[in-house]
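See below for the structure under consideration.
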Amino acid sequence: MPKYDPKKIEKKWQKFWEENGTFEVKEDKKKKKFYSLIEFPYPSGEGLHVGHPRAYTAMDIISRKRRMEGYNVLYPIGFDAFGLPTENFAIKTGKPPAEVTKKNISNFTRQLKSLGLSFDWSRQVDTTDPKYYKWTQWIFLQLFKHGLAYKKAMPINWCPSCKIGLANEEVVDGKCERCGTPVERRNKEQWMLAITKYADKLLEGLKEVDYIERAKVQQENWIGRSEGAMIKFVIANEVKQSQTKKGIATSPSAPRNDSVLEVFTTRPDTLFGATYMVVAPEHELVASLLKFPISNFQFPNIDEVKKYVESAKKKSDLERTELQKEKTGVELKGIKAINPATGKEIPVWVADYVLAGYGTGAIMAVPAHDERDSEFAKKFNLPIKEIVPEPMEKIMKWLEEKKIGEKKVQYKLRDWVFSRQRYWGEPIPLVFCPACEKQAEFPISNFQFPNDGERLNPGWIPLAEEDLPLELPKVKKYEPTDTGESPLAAMEKWVKTKCPKCGGPARRETDTMPNWAGSSWYFLRYCDPKNDKKLASMEKLKYWLCPPKPAKPGEGGVDWYNGGMEHTVLHLLYSRFWNQFLFDIGAVPTREPYKKRTSHGMILAKGGEKMSKSKGNVVNPDEMVEKFGADSLRTYIMFMGPFDQAVEWDTNGLIGVRRFLERVWGLNVIASEAKQSQTKKGIATSPSAPRNDSMTQLLHQTIKKVTEDIEAMRFNTAIAKMMELSNEFSKQAKISIANFELFVKILSPFAPHMCEELWSLLGHKKSITFEPWPKYDPELAKEKEITLAVQVNGKLRDTLEVVAGISEEEAKSRALASEKIQRWLEGKQPKKVIYVKGKLVSIVV
RNA sequence: GCCGAAGUGGCGGAAUUGGCAGACGCGCACGACUCAAAAUCGUGUUCCUUCGGGAGUGAGGGUUCGAUUCCCUCCUUCGGCACCA
């Protein structure tokens with residue numbers, strides 16, 4: 001028996017798998033399918049982090065088990081390669097991002113292959129490959145044509161360090177999620193995706209999927225649905241009249257409804273208690289009053305209001321929340337609102353505790369029933385009116401009858417800022433045509449726009465689908481400009497183009513898409529990665545995503561998707577949005593992209609800190625594979641602790657796991673010798689397990705535990721049980737081959753290289769990959785002899801070895817007969833004797 | 001502030017329809033092998049102890065024959081949200 005030499009074994013089997021295409025799959029209707037998915041990595045220059053193998057090994061173990069259970073398993077891999085780090089590296093070094101990406105991908109590939117992950121490499125995708133992003137652009141065009149993409153000038157979150165606009169989801173505590181720089185507000189024209197139109201569907205869909213509970217809650221909170229009412233408040237007459245006198249109607253930018261202030265409330269039943277109103281500093285009412293000031297008598301504190309609004313605008317989101325303790329505000333003197341319920345005039349204030357971006361940017365304040373309003377009212381001595389809230393139904397009926405208000409559902413979710421002013425992303429396949437814009441302004445009477453995108457965005461014309469992909473041109477400089485334009489804008493040659501519609505001179509959009517674009521649909525491409533007619537064929541999508549007989553239309557999705565918690569509101573939500581949209585236009589067969597979603601915890605450096613290059617505490621997987629072998633690394637990472645919790649790295653633990661594998665390897669000597677001697681004696685040519693010894697019993701208990709624990713992702717306890725078994729095995733002089741083979745099979749998803757080698761040493765010619773997963777014998781897995789605990793007054797005083805089926809009477813009498821127990825009873829009569837089947841006898845004195 | 005999860009030996013962690021706390025691994029100690037060391041193997045390892053036992057799962061209380069597990073109050077840590085009307 002040779003020494004355990006992981007370096008040799010692991011290379012050998014990795015080569016074997018690759019040469020035999022062991023993990024490459026084809027659609028096969030005769031077999032049940034299983035689609036397992038990990039979040040494809042961003043190929044950074046630093047290479048693989050030990051966090052990657054944690055998620056990948058977990059799904060690898062599940063995938064390998066499924067293959068042994070007879071499933072046709074799709075376990076694909078790819079690279080999410082657009083993004084800032086590569087671009088920044090290009091800026092620093094002048095190397096083209098495409099080149100850098102290629103190099104990084106090849107390094108990642110080498111590293112991933114060295115871990116023995118059972119990916120189907122033939123289906124590999126790369127989001128920066130024009131053959132891939134052709135379809136990312138195609139999806140964008142569909143969104144555009146269906147009116148879900150629109151360009152809008154709006155204040156965006158601007159990161160002055162990355163020089164990039166950020167989606168709301170990318171701003172954490174008022175800072176850039178990526179670099180931590182406080183974000184500023186900038187007014188920019190941006191492409192937006194109307195994810196809010198899918199708010200209800202996204203919420204509804206959560207009911208049907210099996211996601212880790214935390215992920216569901218986070219998505220629900222992010223979507224933030226609340227039911228309530230829109231209520232109209234009339235602004236008191238004298239103001240309206242005086243404004244009209246000033247001739248506001250002739251001014252195009254004057255507010256249309258200057259006589260009405262509309263609010264959203266979840267508590268219309270407290271309308272009677274509304275004693276004042278508050279508008280956000282950005283509210284159009286304030287802007288219009290400042291633009292068209294009325295006479296000093298009616299609006300005496302114009303300067304004060306101006307000053308307040310100015311200072312509020314200067315504050316970033318970060319400052320606003322930091323200064324949340326004290327509420328500030330200024331009354332808009334000279335105007336009054338009328339509470340439609342009481343008919344009374346109430347004051348209107350401007351204050352930044354009311355957010356411009358939510359609801360209508362204005363509220364009715366009910367200090368008696370709202371903490372914030374109460375705080376504000378107390379500070380500024382505003383009236384507080386106690387009321388008895390009306391029944392919700394009654395008040396809604398009344399509001400609707402009087403045409404004061406109507407039911408309304410409100411969301412926190414905002415539309416998705418989809419433009420990035422960067423080079424290394426998918427070009428947006430639209431051009432701006434001034435001639436077409438003019439036509440759109442004066443469409444003839446029964447003119448119909450070819451699509452909603454052109455109607456909503458006059459002058460913006462989509463490229464023809466046949467002309468995709470619109471490839472990213474090579475540029476000389478990758479720096480974004482301070483004005484916030486993408487480096488593409490400097491390429492006049494590329495920017496100047498012909499309008500695909502009228503043939504006239506037009507200019508290309510120079511913004512690119514955010515990273516989230518390519519990763520929103522990659523799991524679809526894996527089903528049919530080389531298709532150049534469609535993003536993937538419907539037939540293949542159906543095979544991999546739909547259950548054999550869907551109970552409902554649109555049922556299905558990736559069977560099991562594991563990824564990080566940090567992606568629940570970004571990637572997961574965006575991806576669900578795109579998939580739901582693609583389902584609605586008939587491009588994909590399932591409503592939801594993922595049936596089941598689980599999450600892994602982070603791997604921290606020793607001491608509990610995050611691993612980071614600057615702290616120098618990063619563990620390099622290459623080094624661990626080199627020193628201990630991939631099988632040890634895999635098994636250790638799964639053994640570290642509960643899969644969904646953060647764990648600290650400890651190389652000593654890895655040594656312990658290596659010892660375990662060495663011990664298992666050593667067992668084979670005994671087993672193979674046993675085989676020889678058995679075969680010589682002609683006892684067992686076909687190995688069959690002895691049915692009743694205690695080893696077989698422990699083995700079946702282990703099979704049961706490993707089978708169940710893998711499904712529940714309790715990898716740590718599955719490994720612990722296998723360690724226990726191997727400890728017992730090593731105490732035996734002989735192990736039956738049948739038993740040893742069962743053990744090798746259940747260990748193989750964790751340590752696949754070593755188990756392949758053992759399997760072939762046992763004389764098998766085929767890979768262990770498709771060997772049937774062992775079934776445990778429930779009878780054998782049960783304990784035959786059990787230990788009963790005997791307690792006196794709740795304290796353990798003795799234990800009894802008894803047969804499993806012992807009767808209550810016998811257990812009690814044996815417990816009472818025990819010498820130790822008699823001593824504790826001191827001759828007293830027990831008050832009560834309790835028997836818990838198979839567990840204990842409790843005696844109360 | 002609100003919501004959620006968690007707190008167990010020297011360390012990572014097991015054990016939950018309430019039933020022998022500390023599985024498994026690390027570390028440590030002792031022993032075997034060795035001239036010696038490493039590796040390996042074996043034994044032990046919650047704490048206290050007068051060796052009878054006693055205490056013990058963040059703290060305090062409660063329910064129970066019996067609580068790491070259930071209930072109440074509090075403390076600490078981590079994660080999420082943070083004026084969302």
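Owing to the predicted nature of the structure, the values given are computational and were not obtained by experimental measurement. Residue numbers start from 1 in every chain, and the chains themselves are labelled A, B, ... in the order their sequence lines are given, proteins ahead of strands.
A salt bridge links A/Lys704 with A/Glu708: at least one charged nitrogen is closer than 4.0 Å to a carboxylate oxygen. One finds no salt bridge joining A/Glu406 and A/Lys408 here, because no Lys/Arg side-chain nitrogen approaches an Asp/Glu carboxylate oxygen to under 4.0 Å.
Among the protein residues, A/Thr787 comes within range of the nucleic acid bases, having at least one heavy atom under 4.0 Å from a base atom. Using a 4.0 Å heavy-atom distance criterion, A/Trp824 is classed as a sugar-phosphate-only contact. Here A/Asn727 lies in heavy-atom contact (under 4.0 Å) with sugar-phosphate atoms only. The residue A/Lys795 sits close only to the backbone: its heavy atoms come under 4.0 Å of sugar-phosphate atoms, none of a base.
Base orientation of B/G60: anti (glycosidic angle beyond 90° from 0). Glycosidic conformation at B/G52 (O4'-C1'-N9-C4 for purines, O4'-C1'-N1-C2 for pyrimidines): syn, within 90° of 0.
Checking B/G80, B/A23, B/C20 against every side-chain atom of A/Ala720, the shortest atom distance belongs to B/A23. When distances run from any side-chain atom of A/Tyr353 to the nucleotides B/C83, B/G25, B/A85, the shortest one goes to B/C83.
For the pair A/Glu819 CD and B/G52 P, the computed distance is 15 Å after rounding to whole Å. For A/Arg797 and B/G52, the CZ to P distance is 14 Å, given to the nearest whole Å. One can place CG of A/Leu570 at 13 Å from C1' of B/G80, the figure rounded to the nearest angstrom. The nearest whole Å value for the distance from the CZ atom in A/Phe233 to the C1' atom in B/A85 is 12 Å. The CG atom of A/Asp269 sits 14 Å away from the P atom of B/A85 (whole-angstrom rounding). The nearest whole Å value for the distance from the CD1 atom in A/Ile212 to the P atom in B/G80 is 14 Å. Put simply, CD1 on A/Ile719 is 12 Å from P on B/G25, counting in whole angstrom units. Rounded to whole Å, atom C1' of B/G79 lies 12 Å from atom CG of A/Leu604.
By the side chain to side chain donor-acceptor pair (under 3.5 Å) test, A/Thr568 pairs with A/Gln218, sequence neighbours left out. The salt bridge (charged side-chain N to carboxylate O under 4.0 Å, His left out) search around A/Glu724 returns A/Lys721, not counting sequence neighbours. Every residue two or more places apart in sequence or in another chain that forms a side chain to side chain contact (heavy atoms under 4.5 Å, CB included) with A/Ala341 is listed here: A/Leu271, A/Phe272, A/Asn339, A/Trp398. When the side chain to side chain donor-acceptor pair (under 3.5 Å) test is applied to A/Lys812, the partners found at least two apart in sequence or on another chain are A/Glu808. Scanning for salt bridge (charged side-chain N to carboxylate O under 4.0 Å, His left out) contacts around A/Lys7 gives A/Glu626, with sequence neighbours left out. Judged as a side chain to side chain donor-acceptor pair (under 3.5 Å), and not counting sequence neighbours, A/Arg54 has no contacts. Residues satisfying the side chain to side chain donor-acceptor pair (under 3.5 Å) criterion with A/Ser226, sequence neighbours excluded, are A/Tyr358.
To the nearest whole angstrom, the two P atoms, one in B/G4 and one in B/C72, are 12 Å apart. Distance noted for atom C1' between B/U69 and B/C20: 15 Å (whole Å). Distance check on atom C1': B/G62 versus B/G13 gives 30 Å, rounded to whole Å. Atom name C1', nucleotides B/A21 and B/U46: the rounded distance is 10 Å, in whole Å.
Within residues 652-660 of chain A, the residues that place at least one heavy atom under 4.0 Å from RNA chain B are, in residue-number order, A/Asn652, A/Gly656, A/Arg659. Of all the residues in residues 831-845 of chain A, A/Lys832, A/Ile834, A/Val836, A/Lys839, A/Leu840, A/Ser842, A/Val844 reach under 4.0 Å from RNA chain B with at least one non-hydrogen atom.
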ask   = According to the Watson-Crick and G-U wobble definition with distances under 3.5 Å, which dot-bracket string, read 5' to 3', encodes RNA chain B, using [ ] for crossing pairs and | for pairs with another strand?
value = (((((((..(((......[....)))((((((.......))))))(((....)))..(((((..]....))))))))))))....
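Among all heavy-atom pairs drawn from A/Glu728 and A/Leu698, the shortest one is CG-CD2, 3.4 Å. Counting all heavy atoms, side chain and backbone alike, A/Trp649 lies closest to A/Met640 at CA-CE, 3.6 Å.
For a distance-only test at 3.5 Å, the side chain of A/Glu213 fails to qualify as a donor-acceptor partner of the base of B/G4. Between the side chain of A/Lys327 and the base of B/C83, a donor-acceptor pair under 3.5 Å is found.
No side-chain donor-acceptor contact under 3.5 Å links A/Tyr308 to the backbone of A/Pro281. Of the possible donor and acceptor atoms, none in the side chain of A/Ser726 sits under 3.5 Å from a partner among the backbone N and O of A/Val664.
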Annotated protein contacts, base or backbone, on nucleotides 42-48 of chain B with a non-hydrogen cut-off under 4.0 Å, one of B, S, - each = -------
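Remark on RNA chain B: of its neighbouring residues A/Ala362 and A/Gly794, the 5'-side contact belongs to A/Gly794, judged by nearest-heavy-atom nucleotide.
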Can you name the atoms? Protein N/O to nucleotides 11-15 of chain B N/O, anything below 3.5 Å, with the distance.
unit_1 : atom_1 : unit_2   : atom_2 : d
B/G12  : O2'    : A/Met640 : O      : 3.1
B/A14  : OP1    : A/Asn716 : ND2    : 3.2

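Going from atom CG of A/Leu413 over to atom CD of A/Gln219 covers 10.0 Å, rounded to the nearest 0.5 Å.
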inquiry  = Under the criterion salt bridge (charged side-chain N to carboxylate O under 4.0 Å, His left out), I'd like the reasoning laid out for A/Glu375 against A/Lys379: C-alpha separation, chi angles, the key distance, then a yes or no.
reply    = CA-CA 6 Å; A/Glu375 196 189 312; A/Lys379 182 169 173 185; over 6 Å; no
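Taking 4.5 Å as the limit, some side-chain heavy atom of A/Asn727 sits within range of a side-chain heavy atom of A/Arg663. The closest side-chain heavy-atom distance from A/Asn793 to A/Val844 is below 4.5 Å. Using a 4.5 Å cut-off on side-chain heavy atoms (C-beta onward), A/Thr196 and A/Tyr411 make no contact.
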